Amino acid sequence: MKTSWRNASLVASAAAVLVLTTACGQEGGTSSVGSQNVGATAAAGGYGGVGSGIGTGASPSASSTVGGGQGNLGAQSASAGKLEVSANAELGDVLTDSGGMSLYRFDEDTAEPPKSNCNGDCATAWPPVPANDASAGAGIDKALLGEVTRADGSKQLTIAGWPAYRYAKDTKAGDLTGQGVGGKWYALAPTGKKASVASLPGLSTRNDPDLGEIVVDKNGMTVYRFAKDKAWPEPVSNCLGACLEKWPVVAPVSANDTKDVQKKGLMSFTRSDGVKQQTVNCSPIYTFAADKQPGDTNGQGVGGTWYAVRPNGEMVGVSDK
């Protein structure tokens, strides 16, 4: 996309990596959202089934028009133009193209680095949004717009690193029939996240009435540390095998997708089982399977080794003493 955006992204990424490697003496963190040339893998499944689409619930802006039969595949491959934000009662703010057509993201893609895993028949059902001529309208941070090179050499628009698509079954402005298809396709919010009225950053904090300020994940679920893990000189997780069934790892989170969590030592690492895991102040973090809803803290003190996490990475009830 824009040269200025690329230069700013490279400078920010280099600075973030320097901070994180200094803090933990190990591989760079997850603070950058940069686009790069990639080759997509084989066509992904789950692209044609009926999901929880919510029809024409979105309300495009008054200036949004649909010209030339936007609902057909020829129009679906047209450039995005000036992106807009449409309000939806169920999903909140939804990102659309200049014609009011909803834009989507795919769970099997990646944002860091940006990569599309939708090709072949998948790309017919979910036409990639071309990156050429895409620009940010009101309420959209132009710094989040980027591009990724697809397997066929074409440039696809990315939002905060996530490749953007339209849905072939959306036939008019405001349609959201692709929402929830296959449990993998979701409308894009202007931030690049899944559109949601109650969306949270990847990591943030909340004030628990018993534990005080603690870290929560993007779903509002309490985050925990395992006392047998190590943070220095590099993160090491000692929760393996069956342990992970009760204590799922928190996946990598971009540093710019956090709020009120200490940035120093905020990084991801590759576990001994090959899975990437997030840390806070270099300490591996998890959620607890027995926590069923936001606000639950059933994992606090379990086995005398599991504890909720302070914004600076300390364990609640251990570091507090």
Side-chain angles (χ1 to χ4, degrees), residues 1-13 32-41 43-44 47 60 64 66-68 70-86 93-120 122-168 170 173 178 185-195 254 256-257:
M1 294 292 291
K2 305 297 183 183
T3 301
S4 60
W5 179 89
R6 289 182 178 278
N7 291 341
S9 177
L10 290 172
V11 172
S13 297
S32 64
V33 180
S35 297
Q36 62 181 34
N37 295 345
V38 298
T41 60
Y47 51 79
S64 298
V66 184
Q70 183 90 25
N72 61 48
L73 289 178
Q76 290 276 14
S77 63
S79 62
K82 182 175 286 188
L83 303 182
E84 299 179 353
V85 179
S86 294
D93 288 341
V94 173
L95 192 65
T96 74
D97 64 16
S98 59
M101 302 302 292
S102 302
L103 303 187
Y104 299 87
R105 51 177 275 184
F106 183 33
D107 275 358
E108 292 190 11
D109 288 347
T110 60
E112 295 183 354
K115 183 177 182 180
S116 170
N117 287 312
C118 178
N119 297 285
C122 175
T124 299
W126 300 90
V129 178
N132 61 302
D133 298 330
S135 61
I140 302 168
D141 184 354
K142 64 181 181 180
L144 297 181
L145 274 60
E147 63 182 33
V148 63
T149 301
R150 296 176 52 79
D152 61 6
S154 63
K155 303 289 186 180
Q156 182 175 1
L157 174 68
T158 62
I159 308 296
W162 286 100
Y165 305 82
R166 299 182 181 97
Y167 187 38
D170 284 351
W185 291 91
Y186 299 93
L188 271 164
T191 58
K193 303 180 80 169
K194 297 175 185 178
S254 172
N256 62 13
D257 189 26

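Along the sequence shown, residues are numbered consecutively beginning with 1. Model, not experiment: these values are computed from the prediction. Quick note: numbers below take in every heavy atom, side chains included, and nothing from hydrogens, waters or symmetry partners.
Closest approach of Ala123 and Cys118 over heavy atoms only: N-SG, 3.5 Å. Pro114 and Gly161 make their closest contact through CB-O, 3.3 Å (heavy atoms, listed as atom of the first residue, atom of the second, distance). Taking all atoms of both residues into account, the shortest heavy-atom contact from Ala160 to Gly192 is CB-CA, 4.1 Å. For the residue pair Pro128 and Arg150, the shortest heavy atom distance occurs at CG-CZ, 3.4 Å. The two residues Asn117 and Glu108 make their nearest non-hydrogen contact at ND2-O, 2.5 Å. Nearest heavy-atom pair, Pro190 versus Gly139, reported as atom, atom and distance to 0.1 Å: CB-O, 4.1 Å.
With sequence neighbours left out, Asp141 forms a side-chain hydrogen bond (donor to acceptor under 3.5 Å, both in side chains) with no residue at all. For the side-chain hydrogen bond (donor to acceptor under 3.5 Å, both in side chains) test, no residue two or more places apart in sequence or in another chain qualifies with Asp93. Looking at residues two or more places apart in sequence or on another chain, you find a side-chain hydrogen bond (donor to acceptor under 3.5 Å, both in side chains) between Tyr165 and Asp109, Ser116. For Thr191, the side-chain contact (heavy atoms from CB on, under 4.5 Å) partners at least two apart in sequence or on another chain are Ala189, Lys193.
With hydrogens and angles ignored, the 3.5 Å screen pairs no side-chain donor or acceptor of Asp133 with any backbone N or O of Ser79. Distance alone, capped at 3.5 Å, places no donor-acceptor pair between the Arg105 side chain and the Ile159 backbone. Side chain of Ser98 to main chain of Ala80: a donor-acceptor pair is present (N/O by atom type, distance under 3.5 Å, no hydrogens or angles). Thr158 contributes no side-chain N or O that, together with a main-chain N or O of Pro163, makes up a donor-acceptor pair within less than 3.5 Å. Side-chain N or O atoms of Gln156 include one that pairs as donor or acceptor with a backbone N or O of Ala164 at under 3.5 Å.
Between Lys194 and Asp107 there is a side-chain heavy-atom pair separated by less than 4.5 Å. Side-chain contact between Lys155 and Val148 is absent, with no heavy atoms from C-beta onward closer than 4.5 Å. Val129 is not listed as a side-chain neighbour of Asp97, based on a closest heavy-atom distance of 4.5 Å or more.
Partner of Trp126 under the ring pair (Phe, Tyr, Trp, His ring centres under 6.0 Å) criterion, out of Tyr186, Tyr104, Phe106: Tyr104 alone.
Here the straight-line distance linking atom CZ of Arg166 with atom CG of Leu157 works out to 9.0 Å at 0.5 Å rounding. Taken from CH2 in Trp162 to NZ in Lys115, the straight-line distance is 12.5 Å, to the nearest 0.5 Å. Within the model, atoms CG of Leu103 and CG of Leu188 stand 6.5 Å from one another, a figure rounded to the nearest 0.5 Å.
Ring pair Tyr167/Trp185: centre-to-centre distance not below 6.0 Å.
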Taking it one step at a time, do Leu145 and Ile140 satisfy side chain to side chain contact (heavy atoms under 4.5 Å, CB included)?
-> CA-CA 9 Å; Leu145 274 60; Ile140 302 168; 4.0 Å; yes
